[in-house]
Amino acid sequence: QKEVEQNSGPLSVPEGAIASLNCTYSDRGSQSFFWYRQYSGKSPELIMFIYSNGDKEDGRFTAQLNKASQYVSLLIRDSQPSDSATYLCAVNRGGGFKTIFGAGTRLFVKA
Amino acid sequence: EPEVTQTPSHQVTQMGQEVILRCVPISNHLYFYWYRQILGQKVEFLVSFYNNEISEKSEIFDDQFSVERPDGSNFTLKIRSTKLEDSAMYFCASSERGNNEQFFGPGTRLTVL
């Protein structure tokens with residue numbers, strides 16, 4: 001079983017729609033959860049982090065965490081063509097601070 | 001806004017040569033990391049560093065790799081004898097605390113010929 005698993009996509013949504021990105025993780029001891037956006041040829045850019053069960057909203061982005069189900073998701077409201085990128089889920093289990101990344105979900109927002 | 005910087009942006013080297021990749025983390029951050037990303041693949045953790053010592057390293061980070069904080073601002077990754085399969089983007093990241101969000105530098109593209 002992969003440590004952090006994401007649907008590779010591509011996920012295609014029309015402009016203005018909600019994009020829903022999902023991630024599951026295998027280590028129950030994981031403590032911190034992050035969503036990064038990566039444009040082609042660029043470095044990962046942090047867009048959301050969440051540490052507690054429930055929802056966390058920041059502008060058009062909402063992160064959801066369910067530790068019992070080992071599931072974390074990202075919702076992007078009012079999707080824009082500039083949101084087209086690969087979205088990386090990352091999980092930190094504490095201890096030595098090793099952070100494991102999923103392979104990413106490619107999102108296309110059609111104008 | 002403070003950011004992580006990395007030099008050089010692109011490094012080309014011959015197989016078997018040593019390379020040093022340099023990073024300047026965000027100034028008030030205490031935790032530093034190196035990751036690599038082979039073209040088309042996922043971001044892979046190499047090593048975390050805190051209080052002048054390695055906190056954790058992955059199985060990729062073998063004896064050919066080393067890290068150092070030679071002064072108060074730089075954080076370096078050395079690959080002693082490069083192999084073709086070391087060709088990748090290498091990202092440095094830093095965070096204020098160990099479990100906190102990490103901020104990435106722009107990366108160094110390493111090409112081993």
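Each chain gets a letter, A, B and so on, in the order its sequence line appears, and its residues count up from 1.
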Worksheet entry | Residue part contacting chain A, namely of Gln41(B), when any heavy atom lies under 4.5 Å | neither

Worksheet item: Do Glu101(B) and Tyr36(A) meet the criterion of a side-chain donor-acceptor pair at a distance under 3.5 Å?
Response: no

Worksheet item: Of all of Ile54(B), Val43(B), Leu46(B), which one pairs up most often with chain A through heavy atoms under 4.5 Å apart?
Response: Val43(B)

Worksheet item: Within a radius of less than 6.0 Å around CG of Asp63(B), do more than 12 heavy atoms belonging to other residues, nucleotides or ligands occur?
Response: no

Practice prompt. For Arg109(B), look at atom CZ and say whether over 12 heavy atoms of other residues, nucleotides or ligands are found less than 6.0 Å away.
Written response: no

Worksheet item: What's the spacing between Tyr33(B) OH and Asn92(A) CG if we round to 0.5 Å?
Response: 6.5 Å

Worksheet item: Does Tyr50(B) belong to the same Ile/Leu/Val/Met/Phe/Trp/Tyr cluster as Val4(B), with side-chain heavy atoms less than 4.5 Å apart forming each link?
Response: yes

Worksheet item: If you draw a 6.0 Å radius around CG in Leu113(B), do more than 12 non-hydrogen atoms from other residues or ligands fall strictly inside?
Response: yes

Worksheet item: For the hydrophobic clusters of this structure (ILVMFWY residues joined by side-chain heavy atoms under 4.5 Å, transitively), does one cluster hold both Leu77(B) and Ile60(B)?
Response: yes

Worksheet entry | Lys56(A) NZ: over 12 foreign heavy atoms closer than 6.0 Å | yes

Worksheet item: Would Tyr51(A) and Asn100(B) count as a side-chain contact (heavy atoms from CB on, under 4.5 Å) if you check the C-alpha gap in whole Å, the side-chain angles of each, and the deciding distance to 0.1 Å?
Response: CA-CA 9 Å; Tyr51(A) 303 137; Asn100(B) 271 28; 3.9 Å; yes

Worksheet item: Rounded to the nearest 0.5 Å, how far does CZ of Phe49(A) lie from OG of Ser95(B)?
Response: 12.0 Å

Discussion item. Other residues, nucleotides and ligands only: do more than 12 of their heavy atoms fall within 6.0 Å of NZ on Lys83(B)?
Written reply: yes

Practice prompt. Could you grab the distance from atom CZ of Phe97(A) to atom OH of Tyr31(B), nearest 0.5 Å is fine?
Written response: 4.5 Å

Response to the item:
Per-residue tally against chain A (heavy atom, under 4.5 Å) across Arg97(B), Met89(B), Gln102(B) peaks at Gln102(B)

Practice prompt. Would you check, one step at a time, whether the test salt bridge (Lys or Arg N to Asp or Glu O under 4.0 Å) holds for Lys42(B) with Glu3(A)?
Written response: CA-CA 12 Å; Lys42(B) 67 178 185 177; Glu3(A) 292 182 271; 5.9 Å; no

Discussion item. Could you check whether atom CZ of Arg69(B) has more than 12 heavy atoms from other residues, nucleotides or ligands sitting under 6.0 Å from it?
Written reply: yes

Discussion item. Using every non-hydrogen atom in the two residues, find where Thr99(A) and Phe45(B) come nearest and quote the distance to one decimal.
Written reply: O-CB, 3.5 Å

Item to complete: Identify which part of Glu45(A) has an atom lying under 4.5 Å from any heavy atom of chain B, answering side chain, backbone, both or neither.
Response: neither

Worksheet item: Would you say Ser43(A)'s side chain and Gly105(B)'s backbone share a donor-acceptor pair under 3.5 angstrom?
Response: yes

